[in-house]
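Some notes on the structure that comes next.
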There are 2 protein chains.
Amino acid sequence: MEMHQLRYVVAVSRAGNFSRAAEQCHVSQPSLSQQILKLEEELGERLFDRMKREAKLTPHGEAFLPRAVKILEEVDAASVKPAMRMICCVAD
Amino acid sequence: MEMHQLRYVVAVSRAGNFSRAAEQCHVSQPSLSQQILKLEEELGERLFDRMKREAKLTPHGEAFLPRAVKILEEVDAASVKPAMRMICCVAD
DNA sequence: AGTGTTTACGGCGACCGTAAATATG
DNA sequence: CATATTTACGGTCGCCGTAAACACT
């Protein structure tokens with residue numbers, strides 16, 4: 001499980017399909033698709049149901065999504081220097 | 001920031017130096033060193049003070065470590081299938 | 001000499017993009 | 001034909017390991 005895979009999962013859940021998610025991640029749609037498939041294979045569970053016009057989270061996907069979001073938030077928080085965090089807090 | 005970099009940071013903090021951490025991560029010591037350096041560069045802060053016989057966390061490293069640990073714990077938790085989680089709970 | 005980290009340098013795998021195939025309306 | 005995902009196929013970038021250099025004792 002890698003960071004970019006988590007970002008792709010979150011993007012698809014927000015965008016509603018793989019194509020728009022790929023645009024928003026500045027990556028080609030097949031690359032994003034591959035990474036989602038790879039993660040699903042690693043987990044042994046589908047995360048998305050590929051419908052005709054939209055990709056919807058499976059029950060497993062629904063359980064996985066908040067975990068992915070939380071991890072990414074914590075990664076973002078850890079990526080900021082303490083001095084910069086102070087500035088961000090002021091900005092809020 | 002990538003998963004393996006977080007694992008390397010935690011390993012060094014536990015092992016006390018880069019060499020033993022590399023062994024425990026089943027990776028060469030230069031590779032681990034490169035990844036730590038790369039992460040430090042990305043963060044803009046040193047995470048470790050390289051002493052004569054040991055590597056010690058800097059203040060920034062002290063602040064970063066628990067974040068890294070938490071992220072890795074959550075990744076591990078997210079990597080387990082629901083059915084497997086039930087088994088693990090029974091095992092506890 | 002011995003321990004520990006960094007630098008240098010290729011090799012190889014993995015992600016990525018393009019293109020083609022598959023699926024559905 | 002249009003939209004959406006998967007499969008196929010190279011190219012390229014990055015991680016890794018080996019070897020050498022550097023630092024300190």
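In what follows, every heavy atom counts, from backbone to side chain, and hydrogens, waters and symmetry copies are set aside. The shown structure was predicted, so the numbers you read here are calculated from the model rather than taken from an experiment. In what follows, chains carry the letters A, B, and so on, assigned in the order in which the sequence lines appear, proteins first and then strands, with residues in each chain numbered from 1.
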Identify whether any heavy atom of A/Gln35 sits under 4.0 Å from a base atom; if not, whether one sits that close to sugar-phosphate; answer base, sugar-phosphate or nothing. sugar-phosphate
Just how far, in rounded Å, is P of C/dC15 from CG of A/Leu37? 12 Å
Presence of salt bridge, B/Lys70 and A/Glu74, under 4.0 angstrom: yes
D/dT3 phosphate, OP1 or OP2, under 4.0 Å from A/Ser19 side-chain N/O: no
Any base atoms under 4.0 Å from B/Arg46, or only sugar-phosphate, or nothing? Heavy atoms, all strands. sugar-phosphate
Check this one for me: any side-chain N or O of B/Lys52 less than 4.0 Å away from OP1 or OP2 of D/dT25? yes
Rounded to the nearest angstrom, tell me the gap between atom CE in A/Met3 and atom C1' in D/dC15. 16 Å
Can you find a side chain N or O atom of B/Arg53 that sits less than 4.0 Å from OP1 or OP2 on D/dT25? no
When rounded to whole Å, the CZ to P distance for the pair A/Arg50 and C/dT24 reads 14 Å
So what does A/Phe48 hit on the nucleic acid, given a heavy-atom distance under 4.0 Å: a base, only sugar-phosphate, or nothing? nothing
With the side chain defined as heavy atoms from C-beta on, B/Phe18 is closest, among C/dT6, D/dT5, C/dG17, to C/dT6
Can you tell if the side chain of A/Arg46 reaches within under 4.5 Å of the side chain of A/Leu37, non-hydrogen atoms only? yes
Nearest 0.5 Å, please: how far is CZ in A/Phe64 from OG in A/Ser13? 11.0 Å
Closer than 4.0 Å, any side-chain N/O of B/Gln34 to the OP1 or OP2 of C/dT6? no
Salt bridge present between B/Arg50 and B/Glu40 (N-O < 4.0 angstrom): yes
For the pair made of CG in B/Asn17 and P in C/dG2, what is the distance, rounded to whole Å? 18 Å
Rounded to the Å, how far apart are A/Ile36 CD1 and D/dA4 P? 16 Å
Non-hydrogen side-chain atoms of B/Glu45 and B/Thr58 separated by less than 4.5 Å: no
With a 4.0 Å cutoff (strictly under), does any side-chain N or O of A/Lys38 reach OP1 or OP2 of C/dC15? yes
If you compare every side-chain N and O of B/Ser33 against the phosphate oxygens of C/dT6 (OP1, OP2), does one of them come in below 4.0 Å? yes
Whole angstrom is fine here: how far is it from CD in A/Glu2 over to P in C/dG13? 17 Å
Mind calculating the distance between CD (B/Glu23) and P (C/dT3) to the nearest angstrom? 12 Å
Between NE2 of B/His26 and P of D/dC16 the distance, given in whole Å, is 13 Å
Taking only N and O in the side chain of B/Tyr8, is any of them less than 4.0 Å away from OP1 or OP2 of D/dC15? no
Per the atom types in the model, does the base of C/dG17 pair as donor or acceptor with the side chain of A/Ser31 at under 3.5 Å? yes
